[in-house]
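So the structure is just underneath, and the comments pick up after that.
All residue numbers in this chain count up from 1 along the given sequence. Quick caveat: nothing in here was measured; it's all calculated off a predicted structure.
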Amino acid sequence: MKKIAVLVVFIFLLCCGVLYAEVSVPDFSFFGKEISSFRIKPTFAKINVSFENAKSFSTYIDNLQIEAESFERKEYSTKKPGSVYGGSFGTGLSAVFVGNKAYRNYLVKQFLEGNYLGVVNAYPEYKDKFTGGKFANEAAFLYASSLLKTGGISKSVEIFERVAAGEDKFAFYAQDKLFGYFEEVGRYKDISRLGESLNRLSPYASYIYLDVLYKNNQYDKILNFISNYDEYVAEYQVVKNYKIAAEYFAGKLEKVAEYKTFSDISVYFITDALLKTGNLQRAFTLISNMDKNDSYKYYFNVKYHILNGDYEKAEKNYKRVENERDKLSLLFFYLSESFPDTREDVLNIFSFNDPVNRDYLNYYKGLLYLSKNKYEKAAKSFEQVVFQENLLINSYFYKGICYADVSVSRSKHFFIRYLNNGEDNEKKNIARFMLGQFYYMEKQYEQTLMLIESCSTDFCSELEAQIYLAESDFRKALDTLDNVDSNKAGYIKAAALFNMKHYKEALTKLNKIKDAYPGKDLLKMLIYYKLEEFDKGMEIFNKHNNEKDFIDRTIRQLYLANEYDTVINILNNTVDLTPEYRLIMAKSLYSTGRYDRAEQIYYDFLEKKKYLYDSISGLISIQSSQKAETSFLIKGFKWLNDMQFERENVIALDFARLAFNSGDTGMGIKYLNYFFENYPDASNIKEAYILRADFFFNKGKLKECIMDMKSAISRFGRDGELLLQKAKCMKKNNPLEALQIYRELSESERFERVAKTNIMEQSDNVSEVEKIALEFKNEQYDLYLNGIERVLNITPLNKLKKKEDYAYELIDSGLRKYAPAGAYFVGAVEYAKGNYKKAASGLMKVYYLYPGSDYALKSLKLAKKAFTETGDNKNADKVQKIIDKIGNKEE
């Protein structure tokens, strides 16, 4: 696809990908039907023929006159044949003594004397006399000729056509009359029809038929016809004129150039053929021999000097050419010889008095300026095309191109006019494509798709795919370009695959684009970043490190990839950092722990009142990494009160969190109160409720905590986060209601895990806890172990035997935190089985191996019971002393 200066180019970002959008004109030649099919013939091409002397039926009429004068009266009479024989007897004699010739002679006499009505009336009466005889066609010819004179046109034509199809001399007479009549009344289609259907044409009919073919530019038919009439070519100069003219216009110039001149017309065709075939020397000889008063001498001199590049002499001779049609023919000659490398100074040679002809000159001047990207001048030339309908309609198309960069509305107007009036399918497809691009850039995607629906070209398919990209239908974009292999199609496919996260496939598509292509390197660089092949991406970046697009996308992608040091390095080497780049620099510095420099940038933004939200948020993040200073917390109120910026409510709540996390609950409460007072309808007010409830919870103010959550729930409904916080506040004083909330939340996909974890920790229902624990077994093993430990804890001692495997799972887990529990419950299971000695031994090991664990005291107490059961009171007493000792320590 060729981009011309009219292109309006810009870049847009599509999801995570890139695609260059442009208003572009597909690559096509301006040299086409406008020149190659022009119908303006030079005046020398007109062949004038006098047909009168060639009419064979005229000779026949002359012969009849001579014949009539030599006949005796009784053989050639105006009386009806047989009139001398009266009565029934006379009629019988008439049949015997009056022959067919008498009836024929009677018709001839009536015809020669101009009594055409008499012929018309008599022929039907005598028609049977001629049937099958030698006078049949002659009588029919005379009858048809008389009908033609008296208005019986259709019947006359019917008879002429029948006679014309015969093989005697009357066939030619009928052809002469019939073709002459058709030519006189303009029935050229009938001439063409008969010329093709009759086996042989008379010389006169041939002239008329050839003239019709010539006027309709049917040169191949002329040559095919003449090839069967060698005798006419030899006998009639005009037939040879038609032959050389047909060969000339059929493009057989080499053949025409070989002829010797044989008529006044032939010299012009031969001269022109010599010029067009490059035989300038012989052409110059013929031109020189022309009379100085012959206007064609100057006509051909113009062509000769144009071919020699002597435009000064061409202009002098052009001024001597008077005929407007010849002037126009000379314009087309220059265009056909030089286009598209026409010159403005040469076009200025040509001038016309006829405004219709000026349309041609203005039209091709417009094309010249357009090809040189002089769109304003081109538009002015096209605006002067007014009269020639074909040129006017085509000028709509070109004006659409001219105005594409200046006025989209005017460009649209002319493209729409061309679509409504034009006939060239190639231009119509381009007009649809151009309009489609305008609507596409205006994001009127549905209208664009409707417009290019009937356009099956590759560039329309590419535009359709761009729309699917813009609508994030990446699969459809790929399918649309399945059979299109252009560079742009490859780029769009790569962009679609990039957005689908098929980065390697996208890279393969880009690598198939061998030539430089807009956006190729940028997209390729981004792919390498996504593939985490940062070295390859940076290699491309270093070739374009002064281009904004590459800097933008590189620092953004590397920042998202946590390549902060590289981002900082690029920005350190970038001249005149934009505020946006400085913000990214500050965030990268923070991420690498260089807080001082980051703070400096953020405070600078605050001073200039730019990026207020990002700057304050960044400073809060820096303070969060250490214990926030009270002075900073005080500054927050000043910023909130003195400056206006987006998301103030978020900053206020962040300051509250920062204060609480720094242990300054007083400032935390102040910020929360400020928040509720100033942002009662903020989008994050629910978070504020939770934060305040959490504060109450940490302070042991459970009643206030619960009240806050009830208020929030009444406002926002049974929101999961609020219910979770409410249950947390109720755990201690109202565990059953808290447990009920957790059971409700366990049905929620978002809060299922945290709710079930709390149920495991709080529920005393062994089956419920066990069921949840088993659900966690394959998902989160630690939670599962925690769950079965809880199961063992809430299972009555006498039922522990059924849970023995869980005790061993705790031991076998290999996790130290579960070992004391496992060891304890193994001993407890033995106690439940009645194996008191074994139980006592195992339980005492728990105390000695894990003295600081939660199970040490429990093990001692159960061990004492085991010793007591075996009657070993001595050891039971020892264990009691240890229990007492631990109890005193805890006190």
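Remark: of the listed residues K276, K243, K255, K276 is the sole one forming a side chain to side chain donor-acceptor pair (under 3.5 Å) with Y248. Here the rule is side-chain contact (heavy atoms from CB on, under 4.5 Å) with L194, and of E161, Q175, R187 only E161 fits it. With Y143 as the partner, the ring pair (Phe, Tyr, Trp, His ring centres under 6.0 Å) test is satisfied by one option alone out of F170, F135, Y123: Y123. Here the options are F179, Y236, Y214, the test is ring pair (Phe, Tyr, Trp, His ring centres under 6.0 Å), and the partner is Y207; only Y236 passes.
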> Yes or no on salt bridge (Lys or Arg N to Asp or Glu O under 4.0 Å) for D354 and R358, after CA distance, side-chain angles and deciding distance?
Replying inline: CA-CA 6 Å; D354 186 344; R358 283 201 292 270; over 6 Å; no
> V157 and Y181: side chain to side chain contact (heavy atoms under 4.5 Å, CB included), yes or no, with the steps?
Replying inline: CA-CA 9 Å; V157 168; Y181 169 71; 4.2 Å; yes
> Can you check side chain to side chain contact (heavy atoms under 4.5 Å, CB included) on D211 and I47, steps first, answer last?
Replying inline: CA-CA 8 Å; D211 193 56; I47 300 176; 5.7 Å; no
> When you look at T457 and N429, which way does the side chain to side chain donor-acceptor pair (under 3.5 Å) test go after all the steps?
Replying inline: CA-CA 7 Å; T457 61; N429 278 335; 5.2 Å; no
> When you look at S486 and D458, which way does the side chain to side chain donor-acceptor pair (under 3.5 Å) test go after all the steps?
Replying inline: CA-CA 8 Å; S486 66; D458 285 352; over 6 Å; no
> Hey, mind stepping through K252 and L223 against side chain to side chain contact (heavy atoms under 4.5 Å, CB included) and telling me if it holds?
Replying inline: CA-CA 11 Å; K252 299 181 179 183; L223 296 175; 3.8 Å; yes
> Can R432 and S454 be said to form a side chain to side chain donor-acceptor pair (under 3.5 Å), step by step?
Replying inline: CA-CA 9 Å; R432 291 188 186 99; S454 57; 3.2 Å; yes
>> Walk me through whether Y219 and N217 qualify under side chain to side chain donor-acceptor pair (under 3.5 Å).
In response: CA-CA 6 Å; Y219 307 117; N217 307 318; 2.8 Å; yes
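Between Y268 and F300, the ring planes lie parallel to each other; the angle is under 30°, not in the 30° to 60° tilted range. Relative ring orientation between F414 and Y396 is described as parallel, the plane-to-plane angle staying below 30° on a 0-90° scale split at 30° and 60°.
At least one side-chain heavy atom of L307 sits less than 4.5 Å from a side-chain heavy atom of F333. Contact annotation: the side chain of K297 never approaches that of D291 to less than 4.5 Å [non-hydrogen atoms, C-beta and beyond]. Using a 4.5 Å heavy-atom threshold, the side chains of N394 and F382 count as separate. Residues E322 and S295 form no side-chain contact, since every pair of their non-hydrogen atoms from C-beta on lies 4.5 Å or further apart. Between L331 and N357 there is no side-chain heavy-atom pair separated by less than 4.5 Å. Between T342 and Y334 there is a side-chain heavy-atom pair separated by less than 4.5 Å. Counting only heavy atoms from C-beta outward, the side chains of F141 and N137 never approach each other to under 4.5 Å. Put simply, the side chain of K327 reaches to within 4.5 Å of the side chain of Y318, judged on heavy atoms.
For the pair F433 and C460, the tightest heavy-atom approach, listed with the atom from each and the gap, is CB-SG, 4.0 Å. I226 approaches V233 most closely through the heavy-atom pair CG2-CG2, 3.4 Å. Taking all atoms of both residues into account, the shortest heavy-atom contact from D220 to A250 is OD1-CB, 4.1 Å. Nearest heavy-atom pair across Y259 and E247 is OH-OE1, 2.8 Å. Heavy-atom minimum distance, V385 versus L392: O-CD1, 3.2 Å.
Looking at S336, its side chain does come within 3.5 Å of a backbone N or O of F332 through a donor-acceptor pair. Remark: side-chain polar atoms of Y296 are paired, donor with acceptor, to backbone N or O of F44 under 3.5 angstrom. Here the side chain of N216 pairs no donor or acceptor atom with the backbone of Q218 at under 3.5 angstrom. Formation of a donor-acceptor pair under 3.5 Å by the R282 side chain with backbone atoms of A257 is found in this model. Of the possible donor and acceptor atoms, one in the side chain of S202 sits under 3.5 Å from a partner among the backbone N and O of A205. Side-chain N or O atoms of D326 include one that pairs as donor or acceptor with a backbone N or O of T43 at under 3.5 Å. Between the side chain of S266 and the main chain of F262, a donor-acceptor pair closer than 3.5 Å is present. Side chain of S329 to main chain of R325: no donor-acceptor pair is present (N/O by atom type, distance under 3.5 Å, no hydrogens or angles). One N or O on the side chain of N317 and one on the backbone of K313 form a donor-acceptor pair closer than 3.5 Å. Within the 3.5 Å criterion, the main-chain N or O of A144 finds a donor-acceptor partner in the side chain of S156.
For E315, there are no salt bridge (charged side-chain N to carboxylate O under 4.0 Å, His left out) partners, not counting sequence neighbours. Here R162 pairs with nothing under the salt bridge (charged side-chain N to carboxylate O under 4.0 Å, His left out) rule; sequence neighbours left out. Partners of E235 under the salt bridge (charged side-chain N to carboxylate O under 4.0 Å, His left out) rule, at least two apart in sequence or in another chain, do not exist in this structure.
Side-chain rings of Y116 and F111 approach one another, their centers coming within less than 6.0 Å. Between Y363 and Y360, the ring centre distance reaches or exceeds 6.0 Å.
Stacking of R200 on the aromatic ring of Y229 is recorded, both the 6.0 Å distance cut-off and the 45° axial limit being met. A cation-pi arrangement is absent between K177 and F160, since the terminal nitrogen or guanidinium carbon is not both under 6.0 Å from the aromatic centre and inside a 45° cone about the axis. Within the cation-pi definition used here (under 6.0 Å to the ring centroid, within 45° of the axis), K428 does not qualify as a partner of Y418. In this structure, R410 satisfies the cation-pi test against Y403, with its NZ or CZ atom closer than 6.0 Å to the six-membered ring centre and inside 45 degrees of the ring normal.
E196 and K221 are joined by a salt bridge, as a carboxylate oxygen and a charged side-chain nitrogen come within less than 4.0 angstrom of each other. Using a 4.0 Å cut-off between charged nitrogen and carboxylate oxygen, K399 and E383 count as a salt-bridge pair.
Separation of atoms OG1 (T150) and CD1 (I153) is listed at 8.0 Å; rounding is to 0.5 Å. Taken from CG in N301 to CG in L275, the straight-line distance is 9.5 Å, to the nearest 0.5 Å.
E344 and Y369 form a side-chain donor-acceptor contact under 3.5 Å, judged by distance and modelled atom types alone.
Summarising the local packing, CD of Q281 is surrounded by 12 or fewer heavy atoms from other residues, nucleotides or ligands at distances under 6.0 Å.
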